[in-house]
There are 2 protein chains.
Amino acid sequence: MEQETHLSESRPASPGTLRPGGRTAKVRGAVLDATRDALADSGFHALNMDRIAASAGVGKTTVYRRWGSPVGLVTDLLHDMAEQSLPAADTGGLAGDLRANAELVRDTLTDPRMGAVFHAVIAAAACDEECARALAGFYRTRLAEWAPVVTRGVARGEIPEGTDPVELLRAVSAPLYYRFAVTHEELTADVAERAAAAALAAARAGVFPTP
Amino acid sequence: MEQETHLSESRPASPGTLRPGGRTAKVRGAVLDATRDALADSGFHALNMDRIAASAGVGKTTVYRRWGSPVGLVTDLLHDMAEQSLPAADTGGLAGDLRANAELVRDTLTDPRMGAVFHAVIAAAACDEECARALAGFYRTRLAEWAPVVTRGVARGEIPEGTDPVELLRAVSAPLYYRFAVTHEELTADVAERAAAAALAAARAGVFPTP
DNA sequence: ATCTTAACGGAACTTGCTTCCCATTAAGGA
DNA sequence: TCCTTAATGGGAAGCAAGTTCCGTTAAGAT
């Protein structure tokens with residue numbers, strides 16, 4: 001998406017980087033909103049540059065020039081999502097915090113609009129290397145935000161010293177995403193509850209040591 | 001002598017169902033092999049009906065008629081995979097059996113050919129409802145095959161009475177698939193080991209009761 | 001306020017996926 | 001074995017997707 005700046009090169013940088021204000025930002029907002037809508041309505045397979053341009057009220061040339069393909073749209077949507085961070089819970093106990101995390105993941109994935117976006121993101125990441133990197137980056141930052149929850153738990157003596165925070169948080173998310181992306185089972189409150197409880201039990205047993 | 005009885009309808013059944021032997025089976029085999037190859041080489045987004053027909057040595061009309069779309073090809077590939085069942089391990093202990101299961105999943109997903117197929121299947125399931133059902137069915141049978149491993153563990157007293165076998169097995173698979181499909185992290189032997197250990201610890205803590 | 005040019009938008013153009021048609025081949029039953 | 005017709009295969013036509021051209025608009029600098 002970005003290209004090296006060469007002194008001798010006359011090719012301009014990718015559109016949107018030199019004049020990111022005003023109109024450019026407006027266009028991006030409209031296109032990403034249209035993309036979210038389209039994904040919620042008809043899913044990733046029906047994502048169509050032409051229709052996105054029409055429903056965003058921008059020229060389709062612009063959409064092709066700046067995003068290139070449906071996968072490019074989803075990748076940028078992912079970058080947009082990575083910028084908005086929501087704070088981690090602090091219920092006073094690790095069990096409660098992990099439950100809150102599992103509930104947050106569940107709420108996100110079961111929300112029709114968000115769920116569709118995540119289905120699309122996962123599908124796009126399976127097709128495109130750059131989108132996969134963007135997705136990995138998204139979760140790296142998301143999990144890092146919640147890491148303090150685990151370190152506080154260690155400090156309180158709720159789980160063993162030397163527990164890897166990110167590894168524990170991955171264990172909370174994994175069952176939810178497994179059902180969401182692989183087996184397409186319903187994500188009940190029960191499933192989230194068990195995900196948090198199972199991860200905590202494993203952490204207590206010392207299964208997640210720092211490497 | 002008689003075909004499907006249509007009282008008012010003249011449309012024949014879908015191709016391949018009335019004469020499934022000989023040539024029809026041969027065509028299906030060639031097309032599914034070509035699909036596997038194409039997925040391993042260039043991934044799901046590059047899956048192209050025309051090219052599949054060419055490399056399978058069959059008419060492209062046939063591919064369109066019988067499978068309809070890339071998603072249809074992947075869905076049929078999934079049905080094909082569901083038919084071949086591999087037996088569960090029996091190491092004499094639940095910990096060993098779960099480790100074996102985790103290793104099996106890891107080996108499957110890290111195999112370049114199989115891994116590409118699973119990436120495609122997950123992407124296709126995110127786009128298509130029927131493919132999602134086929135994928136869910138695939139795992140239902142796969143996990144059912146391994147359920148005896150858990151019931152033996154319960155009988156040996158390694159985990160509490162009333163542990164849900166499938167729920168425990170899902171817990172073993174989840175971290176591996178989460179990394180594979182969502183965060184696209186490398187699946188090391190270590191990850192498989194931890195997945196089995198974490199699931200076992202959670203089961204011992206009684207986190208997976210039958211509903 | 002004025003200027004330069006980054007970025008946008010409409011429309012024509014091109015590509016390639018998909019379907020239709022009909023001749024050919026062979027599966028399954030008598 | 002022969003017969004019926006399910007299923008396949010090649011090519012041409014149809015259509016929607018993606019691409020390019022070039023004039024217009026407005027962001028950011030002076």
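A note on names: the letters A, B, ... follow the listed sequences, proteins ahead of strands, and every chain is numbered from 1.
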Quiz prompt | Nucleotide-resolved protein contact map, nucleotides 9-18 of chain D, B/S/- at heavy-atom distance under 4.0 Å | solution = BBBB----SB

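B:A82 meets the side-chain contact (heavy atoms from CB on, under 4.5 Å) test with B:F138; sequence neighbours excluded. By the side-chain hydrogen bond (donor to acceptor under 3.5 Å, both in side chains) test, A:T141 pairs with no residue at all, sequence neighbours left out. Legend: residues meeting side-chain contact (heavy atoms from CB on, under 4.5 Å) with A:A124, ordered by chain and number and at least two apart, are A:F44, A:V71, A:V74, A:C131. Every residue was checked against the salt bridge (charged side-chain N to carboxylate O under 4.0 Å, His left out) condition with B:D111, not counting sequence neighbours, and none meets it.
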Sequence neighbours excluded and cut-off under 3.5 Å, please list the side-chain donor-acceptor pairs for residues 165-178 of chain B, or say none.
from, atom 1, to, atom 2, distance (Å)
B:E167, OE1, A:R179, NH2, 2.8
B:E167, OE1, B:R170, NE, 3.3
B:E167, OE1, B:R170, NH2, 3.1
B:E167, OE2, A:R179, NH2, 2.9
B:E167, OE2, A:R194, NE, 2.9
B:E167, OE2, A:R194, NH2, 3.4
B:R170, NH1, A:E185, OE1, 3.4
B:R170, NH1, A:E185, OE2, 2.3
B:Y177, OH, B:Y139, OH, 2.7

For residues 33-41 of chain A, please give each side-chain donor-acceptor pair under 3.5 Å, one per line with the distance, not counting sequence neighbours.
from, atom 1, to, atom 2, distance (Å)
A:D33, OD1, A:R36, NH2, 3.4
A:T35, OG1, A:V31, O, 2.8
A:D37, OD1, A:R113, NH1, 2.6
A:D37, OD1, A:R113, NH2, 3.2

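Contact check for B:V105 versus B:N101: side-chain heavy atoms found under the 4.5 Å cut-off.
Each end of the helix from C:dA1-D:dT30 to C:dA30-D:dT1 gets its own axis, taken as the rotation carrying the C1' atoms of four end pairs onto the next four within a five-pair window, and the two axes meet at 60° to the nearest 10 degrees.
Sorted by first and then second residue, the side-chain hydrogen bond (donor to acceptor under 3.5 Å, both in side chains) pairs with a member in residues 116-129 of chain A form an empty list; sequence neighbours excluded.
Look at CH2 on A:W67: it is 12 Å from P on C:dA7, rounded to the nearest Å.
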